[in-house]
Structure formats: C-alpha cells, structure tokens
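So the structure is just underneath, and the comments pick up after that.
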Protein chains: 2
Amino acid sequence: MTMTIDMSDLRRRFHDMQYKMTPQREIILRAFIDFQDKHLSAEDIYQIVRKRSPEIGLATVYRTLELLSDLEVLKKLDFGDGRSRYEINETNSSHHHHHLICLLCGSVKEFEDDLLETLENAIAQKSNFLIVDHQLKIYGYCLACQQKRNNVD
Amino acid sequence: MTMTIDMSDLRRRFHDMQYKMTPQREIILRAFIDFQDKHLSAEDIYQIVRKRSPEIGLATVYRTLELLSDLEVLKKLDFGDGRSRYEINETNSSHHHHHLICLLCGSVKEFEDDLLETLENAIAQKSNFLIVDHQLKIYGYCLACQQKRNNVD
DNA sequence: TTGTATGCAAAACTTTTGCACGCCA
DNA sequence: TGGCGTGCAAAAGTTTTGCATACAA
C-alpha cells in the first residue's frame with residue numbers, strides 16, 4: 001500500500017488559504033513520505049529534519065504538524081506513550097486501516113479493513129451522530145511477543 | 001447501564017498483591033462510582049476528592065490512577081485534549097462501548113455495541129495478533145452541533 | 001513493626017506562546 | 001513590500017519522581 005501526498009494539490013490549497021510553502025514545510029512533508037509506515041512524533045520529525053536543515057526549530061515542527069493536521073494532510077494519533085504521533089491521512093476514502101498495538105513491546109502494526117463501515121452505518125442510524133472519521137486501536141500481543149511469553153511459561 | 005466496582009473482589013486482589021486499601025484509594029474509587037458516565041481526568045478526580053479529603057495530593061491521585069489501570073479496574077482513555085481520562089473498566093466481557101466525540105463542542109457520548117467482535121475475529125485470524133482489548137473512537141458532529149451548523153449556513 | 005503509601009516540592013516532558021527577525025509571494 | 005513563517009527562549013500544562021513522614025496490615 002503506497003501512500004503519497006499530492007504535492008500539486010497541496011500547493012494549490014496552500015495558495016488558496018494564503019499559506020506559504022516554505023523549505024521547512026517541504027522538508028517535514030518529505031519526512032512523512034520517506035517514513036511512510038512509521039508513526040512519527042514531533043521529536044522524531046525534529047531529529048529527522050535536523051539532518052537536512054540543522055537550524056530548524058522544534059516550534060516550527062509543532063506548528064507545521066498542527067497546520068497539516070488541520071488541512072487533513074496528516075492524522076494525529078495517540079498510542080498512549082505520552083506524545084502525539086502523526087501519519088499521512090489517506091484521502092482515498094473507504095481505505096481505512098486500524099492499529100494493532102502490542103502491550104509488551106509497544107510495536108504498532110497496521111491492519112487494512114473496510115468492515116467498520118457496517119458498524120458506522122448502524123451507529124449513525126441509532127445515535128443521530130454525523131460521522132466524519134474514526135480511529136480503532138486494538139491492544140494485544142504481536143506474534144513475537146506471544147512466543148516470548150510462551151517460552152517463559 | 002449500571003457499572004459498579006466489585007469492592008470485595010478488589011479488596012481480595014489488593015490483599016493478594018500486597019497493596020493496601022487506604023482511605024485515599026477508597027475515595028478515588030468512590031468518585032468513579034459517583035460519576036459513572038463521565039470521563040474524568042486526574043485533575044477532575046483531584047478536585048472531586050479534595051472536597052472529602054482536602055489534604056490529598058495530586059501525586060497520590062496519579063499514582064492511584066496508574067495502579068487501578070494496571071489492575072484493569074480503570075481504563076485510560078485519550079480524547080485528544082492533552083490529558084488522560086479514565087472510566088470504570090467493564091469486566092463483564094462482551095459488553096463494549098465506543099466513544100462518539102464531537103469535533104465542534106468536544107462532548108463525548110457512549111455507544112453500546114458488540115458488532116466489533118466479528119471484526120476482531122477477522123483481524124485475529126489474518127494477522128497473528130492476540131487481541132486483548134480494543135478502543136474505538138468515532139469523530140463527527142453531535143445532533144446539537146449539526147443543528148448549529150445548519151443554522152449558520 | 002515494617003514496608004507500602006502519602007504529601008509536598010522539585011523535576012521531567014511535551015506542547016504552546018511571545019517576540020524580533022527572516023523570507024515567500 | 002507586506003505579512004506570514006521561523007527560531008529562540010520562556011512559559012504553560014500534565015505527569016513523574018525523590019524524600020521524609022504517616023499509616024495499613
């Protein structure tokens with residue numbers, strides 16, 4: 001599953017909203033493209049981006065992450081480790097994935113799925129809630145950690 | 001839906017684990033029983049508990065919340081407002097609820113459901129992941145805010 | 001009595017903000 | 001050129017930790 005950012009569309013949206021496409025913002029976007037499958041924190045991004053652009057400030061990283069989340073280019077996630085994480089937002093609708101979070105090693109795996117739509121419809125009908133998005137986190141043990149646990153027993 | 005904490009079972013578990021049942025811990029538990037449907041933050045709990053026991057420390061609240069989460073008496077939640085929130089963990093298995101989070105007013109409504117089990121089974125089979133728990137957050141607009149939005153248009 | 005728990009204060013972290021300067025459009 | 005964006009440092013907010021004291025078992 002390849003996920004890219006439509007840069008020409010993004011530039012258009014920046015222009016429309018009177019935002020400027022600065023080198024810092026480009027470099028931060030590039031980091032997300034280069035580390036597609038990761039769920040990067042602000043500090044992660046800062047460290048990655050510093051290599052290309054050592055004078056960048058952490059505040060700029062935070063401000064850019066907020067901007068890109070508002071524009072729905074990024075999605076802000078929380079895996080319970082005390083910091084926010086971000087991933088590219090898949091705009092190609094119906095293509096959802098969930099996160100499988102290992103309680104032992106903390107690894108996060110993605111799981112593709114569309115099944116949740118049925119549930120969404122049920123919720124929308126029963127609750128008068130206008131659904132825009134959802135986020136499903138599944139906690140448990142990854143294969144490696146299941147094996148670790150078996151060896152201990 | 002009434003959700004209570006089995007205190008005698010909890011006392012037994014405390015005893016087994018060499019934990020002590022202190023007045024502070026009891027008062028914090030009581031706060032969760034008194035505010036069942038709320039999703040309380042550490043600060044919320046601190047303010048509630050202070051009325052009964054003014055000398056309590058915020059650190060004690062945090063330590064107790066962590067302990068009770070480890071014991072699976074409480075569930076730690078994150079609604080993206082920069083602080084963790086907690087609710088009583090429903091141990092009566094199969095009885096899950098999700099959170100409908102309003103993007104406009106921030107209100108959080110609960111939605112009862114078991115439909116997710118089908119999806120869990122599918123995930124377990126396809127991914128070699130041993131599922132222990134899950135958390136589904138649904139973002140959108142509550143009825144009141146839908147109406148507000150319509151009036152503006 | 002003894003080791004766990006508490007309260008207070010300080011520290012550690014993540015995230016936000018103010019402000020002077022820089023630079024994209 | 002004008003105004004948005006940046007970097008730095010300070011501030012704000014949440015959560016954790018060290019330590020002496022208190023107290024449940």
Side-chain angles (χ1 to χ4, degrees), chain A residues 7-8 10-29 31 39-71 73-74 76-86 106, chain B residues 7-8 10-29 31 39-71 73-74 76-86 106:
Chain A
M7 285 304 279
S8 59
L10 189 55
R11 277 177 206 282
R12 192 181 318 120
R13 291 167 66 197
F14 265 53
H15 183 262
D16 292 349
M17 312 272 287
Q18 327 234 55
Y19 296 136
K20 292 172 182 171
M21 185 54 85
T22 64
Q24 290 91 333
R25 289 173 176 175
E26 282 192 355
I27 291 173
I28 290 172
L29 279 164
H39 306 99
L40 302 168
S41 67
E43 185 65 33
D44 291 339
I45 290 288
Y46 183 51
Q47 294 309 330
I48 291 167
V49 154
R50 232 144 125 65
K51 288 177 193 155
R52 281 186 207 280
S53 173
E55 61 309 322
I56 200 170
L58 183 54
T60 298
V61 173
Y62 274 103
R63 283 186 282 233
T64 302
L65 293 175
E66 193 188 3
L67 176 68
L68 294 173
S69 298
D70 289 347
L71 290 176
V73 173
L74 297 180
K76 191 175 187 175
L77 307 171
D78 173 87
F79 296 146
D81 64 347
R83 72 209 64 184
S84 294
R85 296 181 170 279
Y86 299 82
Chain B
M7 286 302 282
S8 59
L10 188 55
R11 277 176 206 284
R12 192 181 318 120
R13 288 166 68 198
F14 266 54
H15 182 261
D16 292 351
M17 311 274 286
Q18 327 234 59
Y19 296 137
K20 293 172 184 173
M21 185 53 83
T22 65
Q24 290 89 335
R25 288 174 176 176
E26 283 192 355
I27 290 173
I28 290 172
L29 279 164
H39 306 99
L40 302 168
S41 68
E43 186 65 31
D44 291 338
I45 289 289
Y46 182 52
Q47 294 307 332
I48 292 167
V49 153
R50 233 141 123 67
K51 290 178 192 155
R52 283 185 205 280
S53 173
E55 61 308 324
I56 200 168
L58 183 55
T60 299
V61 172
Y62 274 103
R63 284 186 282 231
T64 302
L65 293 175
E66 192 188 3
L67 176 67
L68 293 173
S69 297
D70 288 348
L71 290 176
V73 173
L74 297 180
K76 192 176 186 174
L77 307 172
D78 172 88
F79 296 146
D81 63 348
R83 72 210 65 181
S84 295
R85 295 182 172 277
Y86 299 82

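All chains are named by letter (A, B, ...) in the order of the sequence lines, taking the proteins before the strands, and each is independently numbered beginning at 1. Hydrogens, waters and symmetry mates play no part in the numbers below; they use all other heavy atoms, side chains included.
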List the atom of A42(A), the atom of V61(A), and the distance in Å for their closest heavy-atom pair.
-> O-CG1, 3.7 Å
For the student: nearest non-hydrogen atoms of Y46(B) and G57(B), plus distance = CE1-C, 3.8 Å
Minimum-distance nucleotide (side-chain atoms of R63(A) versus dG7(C), dC19(C), dA5(C)) | dC19(C)
Note: contacts of residues 43-62 of chain A with DNA chain D (heavy atom, under 4.0 Å) are E55(A), I56(A), G57(A), A59(A), T60(A)
Of Y86(B) and Y19(B), whose nearest nucleotide on DNA chain D comes first from the 5' end?
-> Y86(B)
Are any side-chain N or O atoms of R52(A) and backbone N or O atoms of I27(A), one a donor and one an acceptor, separated by less than 3.5 Å?
-> no
Would you indicate, yes or no, if dA5(C) has its OP1 or OP2 atom less than 4.0 angstrom from a side-chain nitrogen or oxygen of T64(B)?
-> no
Side-chain N or O of Q18(A) less than 4.0 angstrom from OP1 or OP2 on dC24(C)?
-> no
Nucleotide range of DNA chain D contacted by chain A, 5' to 3', under 4.0 Å to a heavy atom?
-> dG2(D) to dC8(D)
Between D44(B) (side chain) and S41(B) (backbone), is there a donor-acceptor pair under 3.5 Å?
-> yes
R83(A) atom CZ is separated from dA12(C) atom C1', nearest whole Å, by 12 Å
When all nucleic acid strands are considered with a 4.0 Å heavy-atom cut-off, which category describes S84(A): base, sugar-phosphate, or nothing?
-> sugar-phosphate
Check: K20(B) main-chain N/O paired with R25(B) side-chain donor or acceptor under 3.5 Å | yes
Got a donor-acceptor contact below 3.5 angstrom from the R85(B) side chain to the F79(B) backbone?
-> no
Would you call E43(B) and R50(B) a salt bridge, using N to O less than 4.0 angstrom?
-> no
